[in-house]
Amino acid sequence: QVQLVESGGGLVQAGGSLRPSCAASGRTFSSYAMGWFRQAPGKEREFVAAISWSGGSAYYSDSVKGRFTISRDNAKNTVYLEMNSLKREDTAVYYCAASRAYYGLDHKRRPDYWGQGTQVTVSS
């Protein structure tokens, strides 16, 4: 069992930056690939980014590539999402997820565990 708790969301102006984080419980954190997803009002939850078990590789959705960076610290059981050059369309609830599988999270593969989400609001 893995429990995930996000923090670090908030309100930011367009063009600004935020760095939400996700703390995981348990001693098996490094056994899971980690991902970030988001859900805007009235829309389906969508993939944002994923990082491998060791942190050595990552992949992103086209909408955030070049602006967002996912990273993890296995010693702290924490994954981060550095978000730069934020746009209004990035406004959403951001969810952390843990997955035994690394590939396919951008193609409807369901993670094994979800966090409760953190709100990110980008104003113009």
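Quick caveat, the model's predicted, so the values are computed rather than measured. Numbering starts at 1 and runs along the sequence shown.
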Do [X] and [Y] come close enough that some side-chain heavy atom pair is under 4.5 Å?
{"X": "R38", "Y": "V120", "value": "no"}
{"X": "H107", "Y": "L105", "value": "no"}
{"X": "L86", "Y": "L18", "value": "yes"}

Check: Y95 ring centroid to F37 ring centroid under 6.0 Å: no

With a 6.0 Å cut-off on the ring centroids, do F68 and Y80 count as close? no

Holding to side-chain contact (heavy atoms from CB on, under 4.5 Å), I want the full list of residues that pass it with S57, two or more places apart in sequence or in another chain. S52, Y102

By ring pair (Phe, Tyr, Trp, His ring centres under 6.0 Å), which residues pair with Y94, not counting sequence neighbours? none

Could you go through the side chain to side chain contact (heavy atoms under 4.5 Å, CB included) check for V2 and T28 one step at a time? CA-CA 8 Å; V2 177; T28 59; 4.2 Å; yes

Of all pairs that satisfy disulfide (SG to SG under 2.5 Å), the ones with a partner from residues 57-89, not counting sequence neighbours: none

Under the side chain to side chain donor-acceptor pair (under 3.5 Å) test, which residues partner [X], sequence neighbours left out?
{"X": "R88", "answer": "none"}
{"X": "Q3", "answer": "none"}
{"X": "S30", "answer": "none"}

Can R45 be said to sit on top of W114's aromatic six-ring, NZ or CZ under 6.0 Å from centre and within 45° of the ring axis? yes

Cation-aromatic face contact R109/F47, 6.0 Å, 45 degrees: no

